[in-house]
Every structure is written in structure tokens, then in C-alpha cells.
Amino acid sequence: MKNVSQPRTAIFPGSFDPFTAGHLEIVERSLGFFDRIIIAIGRNSEKRGHYNCAQREDIIRQAMRAADIPEDRYDVIIYDALTATLCEETGIYHIIRGIRSTIDFEYERSIADANKHLNDKIDTIFIASSQRYSHISSTAVRDLIKYGGDLGDFMPKGVVLPETAKDRLTGPADSGKGAKG
């Protein structure tokens, strides 16, 4: 009998507002363990993000193309549910989470415990970011955008950020510089 194995797939959930060089590093390293990564953009109707979900998806796809990650190794989806529910709906029970510090670990561990409580099939895999990326957060990137800072080391190479209404209202946008490379 022929042994046909299913591709090992994991979900990498987050708001990705925006997707940073640190997020890309976690995806690249995850692909060493998994055949395919589903980058799942969580929609939070209670929160107005800097970028809308379609813009976030475009930023992620730009980053993945620029990093030469084959399209059959990833997908980008938008979801509006608990991550545990997304796991159940997709049949994918491995969740990837990037960790920058012990503070991140404690926070992420409590979410992993809650997901495990909701569905005991779920396993969360923590990947510590490289020191080169440990200072990068989406919040820091949004501040750099707001105040016109250099995004070069914070964003994946090859990404051109869209201008948003918030950029026009609050300060200079870095819609075409900094992340090229």
C-alpha cells in the first residue's frame, strides 16, 4: 500500500497591522518545520486598524513574493472568529506564535492554554525571534509611519505600504520608501 502523507500545515494567526520583518522571519523559520503555513489575519470589529484587512493581505503577499517563498508553501486568509474555531473549521491544529521576550511568552502561553482548553487537538509552537528582530513590533512600525521614520530594518524588503486616511490626518506617510530593497 502506498503511503501518502498529508502536508504538515500550521496556522500563523495575528492582526499583522502591518506584517513586519519579524513576522516574515517567523514564517521563514516555520517553513523549516511545516510544508505549508496559513497566515491568518484576524479581523477585530472592535478595533479600527491602521490598515484594513485587504491592505494587510496585500502587504503580506508582497513580502512573501519578495522573499521568494513559493505560493504553494503559504496562503493568506482573513478570519473573524476565535483561533480555536478557525482550527476546527480548517482541520489544522498547529498554531505558530513568534516570541520576542519573556513578556510575550507569558501572554502567548495563556492564549495557548485557552486554545488547548477549547480544543485539546490544538498545539501551539513558539518560535523565538532572532535578536536582529526582537525589537520589531507592528506598534513600532505604525509609529515610524506616523512620524516619517526609516522603515528599512523593520519591514520586509520589497514591500510598498499603501497610504491610509490615518496617514493623511496624522502626519507624513512612508508609502513608497524605506522598505524597498
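Each residue takes its place number in the sequence, starting with 1.
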| said: I want to know whether H135 and F154 have ring centres closer than 6.0 Å. | reply: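 Ring centroids of H135 and F154 are less than 6.0 Å from each other.
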Side-chain heavy-atom pair [X], [Y] within 4.5 angstrom cut-off:
X: L161; Y: Y51; value: yes
X: I111; Y: T83; value: no
X: P18; Y: H50; value: no
X: P162; Y: I59; value: yes
X: F19; Y: R61; value: no

Looking only at heavy atoms, what is the nearest atom pair of [X] and [Y], with distance?
X: A10; Y: I92; result: CA-CG2, 3.8 Å
X: F16; Y: A40; result: CE1-O, 3.6 Å
X: S129; Y: E25; result: CA-OE1, 3.6 Å

| task | Would you indicate whether R8, at its atom CZ, is surrounded by more than 12 heavy atoms from other residues, nucleotides or ligands within a distance under 6.0 Å? | result |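 Counting neighbours around CZ of R8, more than 12 heavy atoms of other residues, nucleotides or ligands fall under 6.0 Å, so yes.
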| Among pairs that include at least one residue of residues 80-101, which meet ring pair (Phe, Tyr, Trp, His ring centres under 6.0 Å), considering only residues two or more places apart or in two chains? |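 Checked against ring pair (Phe, Tyr, Trp, His ring centres under 6.0 Å) - neighbours excluded - the pairs reaching residues 80-101 are F34-H94.
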| Can you tell me if T124 and E108 form a side-chain donor-acceptor pair at under 3.5 Å? |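 Absent: no donor and acceptor within the cut-off.
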